[in-house]
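Encoded as structure tokens, the structure appears first; notes follow it.
In what follows, chains carry the letters A, B, and so on, assigned in the order in which the sequence lines appear, proteins first and then strands, with residues in each chain numbered from 1. What you are looking at is a predicted structure, and each value in this text was computed from that prediction instead of being measured.
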There are 2 protein chains.
Amino acid sequence: MNDEHWTIGRMCEEFGVTPRTLRFYEAKELLSPVREGQKRLFTRRDRARLKLILQGKRFGYSLEEIRQLLNLYYINDQQATQISRTYELGQKHLTAMIAKRDELNEAIAEFQEKLSWGEQVLASKGVKKAAE
Amino acid sequence: MNDEHWTIGRMCEEFGVTPRTLRFYEAKELLSPVREGQKRLFTRRDRARLKLILQGKRFGYSLEEIRQLLNLYYINDQQATQISRTYELGQKHLTAMIAKRDELNEAIAEFQEKLSWGEQVLASKGVKKAAE
DNA sequence: GGAAAAGTTTACGTTCACGTCAACCGGTTG
DNA sequence: CAACCGGTTGACGTGAACGTAAACTTTTCC
């Protein structure tokens with residue numbers, strides 16, 4: 001009800017997931033909604049994390065990997081002795097993301113080549129393209 | 001033995017997968033090695049497809065999705081009546097790849113921001129960075 | 001105030017992507 | 001020729017990421 005708290009139903013509606021999924025993520029310690037009696041109430045923090053979780057999934061990370069990565073987003077929550085280590089891991093993650101993007105760019109370029117090659121085949125056979 | 005044929009063992013060594021994986025991919029019709037008696041012999045085509053399969057996995061695609069996508073890479077193998085449709089699907093895939101790259105770029109930018117913010121926290125606390 | 005809606009826990013089921021035996025075949029090598 | 005090495009086919013096992021059904025409480029709505 002509160003401006004800063006959302007029920008499981010509203011969360012599901014908004015993010016296109018099922019209640020089971022959110023409870024599962026809580027069990028795996030990816031989310032940590034507060035309780036009002038029995039009911040879960042998801043916070044602003046949970047929403048931010050869920051966005052990152054779903055994004056991570058789209059990029060092919062496992063939930064366990066995502067759980068680790070989420071910590072990198074909350075450096076300020078860490079123990080002083082751990083911050084430096086977290087920062088290093090963050091750098092590594094950044095490097096990995098960039099590498100992934102570069103590989104994706106290459107894949108895009110190669111696929112574009114294949115496609116334009118296929119386009120020529122279509123033309124030579126006199127087949128109409130969708131846009132014509 | 002032949003220059004254009006590779007045993008399952010050599011394939012595994014080269015691509016860092018297990019025999020089980022390659023047999024599984026064959027069962028799912030992602031690969032189609034020829035036979036020399038009982039033995040599988042993987043072709044140049046299989047190698048190209050395997051590269052794409054492993055790449056697809058890194059980008060978070062399921063094997064079934066990858067199977068579909070692989071067909072887009074072999075337009076010339078299609079029936080004339082199907083080529084046009086395949087080409088359209090190829091365009092869609094290209095669009096999706098580009099969207100994914102853009103999302104990845106945004107994620108990279110946001111994470112970089114978080115990181116440099118964490119860097120400031122480190123500095124303010126007088127914690128040494130790894131590179132210093 | 002009584003039904004329906006929304007939430008809860010518990011627990012077993014399912015799909016995907018392989019892992020892990022067991023039992024077998026066919027070269028080759030000491 | 002025995003003993004491996006590399007390959008084969010079943011077939012059952014497994015971890016991840018949920019789905020699904022049952023049985024129950026709590027809110028909401030008319």
- Item | Separation of atom CG in L54(A) from atom P in dC18(D), rounded to whole Å | 9 Å
- Note on the structure: Applying salt bridge (charged side-chain N to carboxylate O under 4.0 Å, His left out) to R20(B) and not counting sequence neighbours gives none
- In whole Å, what is the span from the CD atom of E26(B) to the C1' atom of dA17(C)? 16 Å
Name the pairs: protein N/O against N/O of nucleotides 24-28 of chain C, kept only if under 3.5 Å.
none

- Task: Please report the shortest heavy-atom distance between P19(B) and C12(B), naming the atom on each side.
- Result: N-SG, 3.3 Å
- Message: Counting only side-chain nitrogens and oxygens, does Y25(A) get under 4.0 Å of the OP1 or OP2 atom of dC18(D)?
- Response: yes
- Below 4.0 Å: OP1/OP2 of dA17(C) and any side-chain N or O of T21(B): no
- Task: Answer yes or no for R45(B) and Y74(B): cation-pi contact, defined as NZ/CZ to six-membered ring centre under 6.0 Å and angle to ring axis within 45°.
- Result: yes
- Can you name the nearest heavy-atom pair linking L30(B) to I53(B), along with the distance? CB-CD1, 3.7 Å
Just the table, please: protein N/O against nucleotides 12-14 of chain D N/O, every pair under 3.5 Å.
none

- Task: Would you please name every residue forming a salt bridge (charged side-chain N to carboxylate O under 4.0 Å, His left out) with E14(B), sequence neighbours left out?
- Result: R47(B)
- List in chain and number order the residues that pass side chain to side chain donor-acceptor pair (under 3.5 Å) with E65(A), two or more places apart in sequence or in another chain; answer none if no residue qualifies. S62(A)
- Return the value, rounded to whole Å, for the distance between atom CZ of F24(A) and atom C1' of dG19(D). 11 Å
- Inspect the contact between E103(B) and K100(B) and indicate whether a charged nitrogen and a carboxylate oxygen are less than 4.0 angstrom apart. no
- Query: Between dG19(D) and T18(A), is there an OP1 or OP2 to side-chain N/O distance shorter than 4.0 Å?
  - Reply: yes
- Contacts to DNA chain D from residues 57-69 of chain B, heavy-atom cutoff under 4.0 Å, which residues? none
- Message: Expressed as a whole number of angstroms, how long is the span from L41(A):CG to dT26(D):C1'?
- Response: 13 Å
- Separation of L22(A) atom CG from dA6(C) atom P, in whole Å? 16 Å
- For the pair T18(B) (side chain) and T21(B) (backbone), establish whether a donor and an acceptor sit closer than 3.5 Å, ignoring hydrogens and angles. yes
- Task: Name the nucleic acid region contacted by R23(B), choosing base, sugar-phosphate or nothing; use a 4.0 angstrom heavy-atom cut-off, strictly under.
- Result: base
- Task: Check for a donor-acceptor pair, side chain of D46(A) on one end and backbone N or O of S32(A) on the other, with a separation under 3.5 Å.
- Result: yes
- Query: Once you round it to whole Å, what is the distance between P of dA6(C) and CZ of R10(A)?
  - Reply: 12 Å
- Report yes if the side chains of L54(A) and V17(A) come closer than 4.5 Å at any heavy-atom pair, otherwise no. yes
- Item | Whole angstrom value for the distance that separates P of dG7(C) from CD of E36(A) | 12 Å
- Message: Looking at E26(A) and R23(A), is any side-chain nitrogen of the basic one under 4.0 Å from a carboxylate oxygen of the acidic one?
- Response: no
